[in-house]
Amino acid sequence: MQHNTEMYFSFFMFGSNFSIEDDAFLDQAMTHIRRLVEMGYTGFEFHPGREDTTAYAFATYEDELNAYKAFRQRMDDEGFGHIKVATNVGATTSCDPSSAIKSVRDAGIAYLKSRIDITAALGGEIMMGPLVIPYGGFVFDAPNGQAVWSDKLQDELALRYQTAQPSFVELGAYASSKGVKLAIEPISHWETPGPNKLAQLITFLDGIEDPTVGVVLDSAQETLDGDGPEVFAQQINYLADQNRLHYAQASPPDRGDLVHCWLPWEGIFTPILSRFDGPIAVEIFNAVGAFDQGLRLTRRKFWVPEVDTPNQYPDAYQIAQQAYEFTQAKLNEVRSKLQQSRC
């Protein structure tokens with residue numbers, strides 16, 4: 001018997017930031033929601049970053065929060081009250097919970113608390129992403145100095161993790177009070193300095209008692225920087241035993257089309273589905289916004305209906321529909337083999 005997974009879709013298909021200050025973007029977002037719900041998606045990942053345009057439109061975190069509350073009300077009013085929202089959030093260089101500078105660390109805690117508030121206002125239960133070390137925040141000897149790598153980088157990160165642990169004790173307690181879980185993402189070494197491996201994240205989490213602070217498993221990141229299928233299965237069991245396995249993403253290593261990619265579905269999702277029955281998100285990074293240069297995207301853009309001029313290449317909705325059907329089929333294959341192995 002097939003079991004359809006509760007499946008979310010990442011808005012990284014449509015932009016690198018959820019532009020809550022832009023009425024035209026919000027109108028487009030509602031169009032995307034309507035179309036994607038018709039495909040079968042039951043939730044979405046929004047990225048509520050605070051870009052300069054957002055900060056200009058909403059001078060305070062409270063003003064920004066009210067705008068998200070209004071958008072959630074719009075979703076409810078238009079018949080999508082049952083649709084769930086998770087958030088994808090990253091620390092920043094000016095709001096860094098791992099910084100040795102107290103003012104920057106305090107700003108990081110305040111910023112992440114504001115994103116927890118937004119997650120709760122959207123009706124979300126999961127805030128995930130590179131929450132500890134700023135995404136892409138590679139380490140340098142000094143301003144304009146040489147980049148730090150290898151042993152020296154790991155020694156530096158060990159100090160940063162130790163500094164960040166008390167920040168996440170506080171953030172975990174705050175998130176718990178809002179009904180939100182924090183799912184930290186290990187991200188490949190070509191995108192960010194750390195944590196790159198699930199093993200590194202587990203070491204960080206071992207210093208935090210509260211299971212509210214847990215992990216998201218991204219198939220792309222694990223394929224690129226993981227320690228292999230045997231160790232991965234052990235890590236999943238370790239995290240699940242601690243109730244820290246909060247969320248998972250089906251994402252191809254090239255961050256593009258899930259149907260045509262090299263992804264070890266069984267190796268990644270057999271251990272996940274053996275211990276986790278929550279939502280899994282389809283995460284595809286389109287050639288939009290900051291992603292072109294940030295991820296060095298050489299592939300063509302999946303053009304967005306009602307936004308871009310149509311062309312002969314696949315559009316974003318085609319890719320999303322195929323990803324939904326293909327991922328459901330792959331996950332059902334994994335579940336079927338799990339059931340057979342238990343008989």
Side-chain angles (χ1 to χ4, degrees), residues 11-12 15-22 45-69 71-72 85-122 124-139 157 160-187 191-195 201 204-205 208 210 212-216 246-247 289-290 294:
F11 259 63
F12 280 158
S16 55
N17 186 61
F18 196 86
S19 302
I20 191 65
E21 74 284 354
D22 185 340
E45 271 184 28
F46 294 163
H47 177 45
R50 190 168 168 82
E51 303 289 337
D52 289 344
T53 51
T54 309
Y56 180 80
F58 306 112
T60 67
Y61 287 151
E62 183 178 2
D63 291 341
E64 187 182 2
L65 175 63
N66 288 334
Y68 278 99
K69 288 179 178 177
F71 185 74
R72 177 73 246 194
V85 175
T87 59
N88 191 322
V89 173
T92 72
T93 53
S94 59
C95 297
D96 178 359
S98 73
S99 174
I101 302 170
K102 186 177 185 302
S103 60
V104 176
R105 191 165 66 251
D106 289 346
I109 293 170
Y111 173 71
L112 292 176
K113 283 183 176 179
S114 75
R115 304 306 101 172
I116 291 168
D117 291 338
I118 288 171
T119 305
L122 288 168
E125 299 174 353
I126 301 293
M127 183 174 102
M128 54 76 59
L131 301 171
V132 183
I133 306 294
Y135 179 83
F138 291 99
V139 178
L157 289 175
R160 295 273 293 274
Y161 296 146
Q162 187 176 23
T163 300
Q165 282 170 335
S167 300
F168 278 86
V169 170
E170 181 177 345
L171 287 165
Y174 187 78
S176 181
S177 74
K178 300 290 184 177
V180 173
K181 293 179 180 178
L182 304 181
I184 300 170
E185 181 178 10
I187 293 181
E191 289 187 50
T192 206
L201 179 53
F204 174 75
L205 293 174
I208 301 168
D210 185 357
T212 301
V213 186
V215 305
V216 52
H246 296 331
Y247 193 55

Visitor: Determine whether I184 and V213 satisfy the following criterion, side chain to side chain contact (heavy atoms under 4.5 Å, CB included), listing intermediate values before the conclusion.
Guide: CA-CA 7 Å; I184 300 170; V213 186; 3.7 Å; yes
Visitor: At their closest point, which heavy atom of A107 faces which heavy atom of S94, and how far apart are they?
Guide: CB-O, 3.7 Å
Visitor: I need the full list of side chain to side chain donor-acceptor pair (under 3.5 Å) pairs touching residues 171-183, with sequence neighbours left out, sorted by first then second residue.
Guide: D117-Y174
Visitor: In Å, rounded to the nearest 0.5 Å, how long is the span from CE of M128 to CG of L182?
Guide: 11.5 Å
Visitor: When rounded to the nearest 0.5 angstrom, what is the spacing between CG in D106 and OG in S99?
Guide: 9.5 Å
Visitor: Looking at A110 and Y61, what are the two nearest heavy atoms and their distance?
Guide: O-CE1, 3.8 Å
Visitor: Do the non-hydrogen side-chain atoms of N17 and T54 ever get within less than 4.5 Å of each other?
Guide: yes
Visitor: What distance do I126 atom CD1 and T119 atom OG1 have between them, rounded to the nearest 0.5 Å?
Guide: 9.5 Å
Visitor: Any sub-3.5 Å donor-acceptor pair from D96's side-chain atoms to V104's backbone N or O?
Guide: no
Visitor: Are Y161 and L157 close enough, and set up right, to give a side chain to side chain contact (heavy atoms under 4.5 Å, CB included), and what steps lead you there?
Guide: CA-CA 6 Å; Y161 296 146; L157 289 175; 3.9 Å; yes
Visitor: Find the distance between CG (N88) and NE2 (H47) and round it off to the nearest 0.5 Å.
Guide: 6.5 Å
Visitor: So, do I20 and I118 sit near enough that their side-chain heavy atoms are less than 4.5 Å apart?
Guide: no
Visitor: Any non-hydrogen side-chain atom of K69 less than 4.5 Å from a side-chain atom of N66?
Guide: yes
Visitor: What's the shortest heavy-atom distance between R160 and P134, and which atoms?
Guide: NH2-CD, 3.7 Å
Visitor: At their closest point, which heavy atom of G90 faces which heavy atom of Y111, and how far apart are they?
Guide: O-CE2, 3.5 Å
Visitor: Less than 4.5 Å apart, side chain to side chain, heavy atoms only: is that true for P48 and V89?
Guide: yes
Visitor: Could you state the interatomic distance from OG1 (T92) to CD (E51), rounded to the nearest 0.5 Å?
Guide: 10.0 Å
Visitor: To the nearest 0.5 Å, what is the distance between CE (M127) and CG (L122)?
Guide: 12.0 Å
Visitor: Is there a side chain to side chain contact (heavy atoms under 4.5 Å, CB included) between R115 and R50 once you walk through the steps?
Guide: CA-CA 9 Å; R115 304 306 101 172; R50 190 168 168 82; 4.1 Å; yes
Visitor: Provide the closest heavy-atom pair for P97 versus R105 in the form atom of the first, atom of the second, distance.
Guide: O-CG, 3.4 Å
Visitor: Is there a side-chain contact between V216 and H246 (heavy atoms, below 4.5 Å)?
Guide: no
Visitor: How far apart are the closest heavy atoms of P186 and L201, and which atoms are they?
Guide: CD-CD2, 3.7 Å
Visitor: Aromatic ring centroids of Y68 and F46 under 6.0 Å?
Guide: no
